[in-house]
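Got a structure for you, questions after.
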2 protein chains.
Amino acid sequence: MEHRIERIKKQLHAESYKLTPQREATVRVLLEREEDHLSAEDIYLLVKEKAPEIGLATVYRTLELLSELKIVDKINFGDGVSRYDLRKEGAAHFHHHLVCMECGTVEEIVEDLLEDVEKKVEDQWQFQVKDHRLTFHGICRHCQQKNKESN
Amino acid sequence: MEHRIERIKKQLHAESYKLTPQREATVRVLLEREEDHLSAEDIYLLVKEKAPEIGLATVYRTLELLSELKIVDKINFGDGVSRYDLRKEGAAHFHHHLVCMECGTVEEIVEDLLEDVEKKVEDQWQFQVKDHRLTFHGICRHCQQKNKESN
DNA sequence: TGTGTTATTGATAATCATTTACACTTGATA
DNA sequence: TATCAAGTGTAAATGATTATCAATAACACA
Ligand SMILES: [Mn+2]
Ligand SMILES: [Mn+2]
Ligand SMILES: [Zn+2]
Ligand SMILES: [Zn+2]
C-alpha cells in the first residue's frame, strides 16, 4: 500500500503535480477498493470518511488528473455513471470485465487475451493500437448455478 | 432498404409494438446513416427533416425500444453521450470499433475476431458469454501517414 | 521572517444528456 | 359511436459532470 502510494506520488511529481492530502485520501480509497468499480459519488462518500471536509468537485478533479496520468481508467458499463478503475501495477493494457446480466456483478480478467487480435488489427486494418476496452456481457458462474437449481 | 424496414416491422409486431410513422422515420435515419455512430440528438435533428413535428422524447423512446429488441446497440465512446448503432443484418455478435485518438474517426470491424477469446472465457472463467463490447483506441491509418509526413 | 505568486480547494451555480409527467391524439375494438 | 390502451409532443424534472470564484495552502525568494 505505502509502496504504491509512493510510486503514484512520483508519477504525479514527474508531471509536476503534488500529492495533496485530498488526492492522497482519494488514492487510498481506490487502493482499498481496488477490485470494485466505484463511481465518483461512491468514491466521494468513502473519501469523506477519512477527510470529511473534501468537496465533490475535488474528487472529480482528482479522478480526472489520475486518468490523464493513466493511473486510473475511466469506464462506462452503460448505467448512467462513469466508473474509475485503478490500473494494475505495471500493466501494459487495461484489463477486461465480465458483467453479469442477471446479478450485475463485475469480474475482472487480468490476462491479456487480445495479443493475437491486436496483431491482426495492426496488420489487416493498419490501425496502431494504443489501448482497448473489452467487456463481456453474460451470465456469471453463480447465476448459472442458481438457474440450474431452479429448473 | 424497404426490405429491412419490413423485417424490423415484423420484429416489432412479434413483440406487439407498432411501427408508427415516428418510429419508421427514426429507423430510416438509422438505415441511411448505418456506418455512422449518431447520438440521440444527432438522430433527432435528422429525423426532424423528414418529420418536423417529432419530439426529442419520442426519439429517445424509440431508441430505447429498438435497443430492447436488439435492433440497435447503444455504445459509449467516453465522450458524454450514448451513440446508437444498427446491428448488422443477421449478425450474431456486436461488431467492433477502432477509435482514432487523434482525429476521432470511428472505423468498424465486422469480423468476429473473438471466437477463441470467448471460448477461453467460457472454459476458464465459466462465464456464459451473451454479448460483448470491444473498442480499440489508437492511431488510424490516415493519421499515421500524416504524422510520418510531418517528420 | 515576510511577501508576492501560483496551485489547489470547497461551495455553489451552470450545463447538458436523459427521463418523467401529463394532457392530447390515434387507431382498434366492442 | 363510445371506450380503451398505446403512442406522442411539450415542458418540467432529474442527475451527473463541469465551470466559476473567492478563500486557502504551498512555494520561491528577498
Ligand atoms: Mn476492473
Ligand atoms: Mn459501429
Ligand atoms: Zn450473476
Ligand atoms: Zn485519425
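In the text below, chain A, chain B and the rest are named by the order of the sequence lines, each starting its count at 1.
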* **Side chain to side chain, B:Lys148 and B:Gln144, heavy atoms closer than 4.5 Å** => no
* Structure fact -> Per side-chain hydrogen bond (donor to acceptor under 3.5 Å, both in side chains), A:Lys88 is matched among A:Glu34, A:His93, A:His95, A:Glu108 by A:Glu108
* Hey, is the main chain of B:Cys140 close enough, under 3.5 Å, to the side chain of B:Glu102 for a donor-acceptor pair? -> no
* Asked: Between the side chain of A:Arg23 and the main-chain N/O of A:Lys18, is any donor-acceptor distance below 3.5 Å?
  -> yes
* Structure fact -> Whole-Å distance, A:His13 NE2 to C:dA7 P, equals 15 Å
* **Value in whole Å for how far the C1' atom of D:dG15 lies from OH of A:Tyr44** => 15 Å
* To do: Rounded off to whole Å, could you give me the CG-to-C1' distance for the B:Asn76 and D:dA16 pair?
  => 13 Å
* Please state whether the phosphate of D:dT8, meaning OP1 or OP2, lies under 4.0 angstrom from any side-chain nitrogen or oxygen of B:Thr20. => yes
* To do: Would you please confirm or rule out a distance under 4.0 Å between OP1 or OP2 of C:dG10 and any side-chain N or O of A:Thr58?
  => yes
* Asked: Phosphate oxygens OP1/OP2 of D:dA25: is one of them under 4.0 Å from a side-chain N or O of A:Gln22?
  -> no
* How close or far is atom C1' of D:dA25 from atom CD1 of A:Ile54, stated in whole angstroms? -> 15 Å
* To do: Give a yes-or-no answer on whether the side chains of A:Thr58 and A:Arg61 include a donor-acceptor pair shorter than 3.5 Å.
  => yes
* Asked: Rounding to a whole Å, what distance do you find between A:Glu24:CD and C:dT8:P?
  -> 15 Å
* Out of C:dG10, D:dT8, D:dG7, whichever nucleotide has its closest atom nearest the side chain of B:Lys18 -> D:dG7
* Does a side chain donor of either A:Ser39 or A:Asp42 reach within less than 3.5 Å of an acceptor in the other side chain? -> yes
* Asked: If you measure from CD1 on A:Ile43 to CG on A:Leu30, what distance do you get to the nearest 0.5 Å?
  -> 5.0 Å
* Asked: Taking CD from B:Glu68 and P from D:dG7, how many angstroms apart are they, rounded to a whole number?
  -> 12 Å
* **Interatomic distance where CG belongs to A:Leu12 and P belongs to C:dA7 [whole Å]** => 16 Å
* To do: Using atom OH of A:Tyr17 as one end and atom C1' of C:dT8 as the other, report the distance to the nearest whole Å.
  => 12 Å
* Structure fact -> Each nucleotide of nucleotides 15-22 of chain C classed B (base within 4.0 Å of a protein heavy atom), S (only sugar-phosphate) or -, in 5' to 3' order, makes --SBBBB-
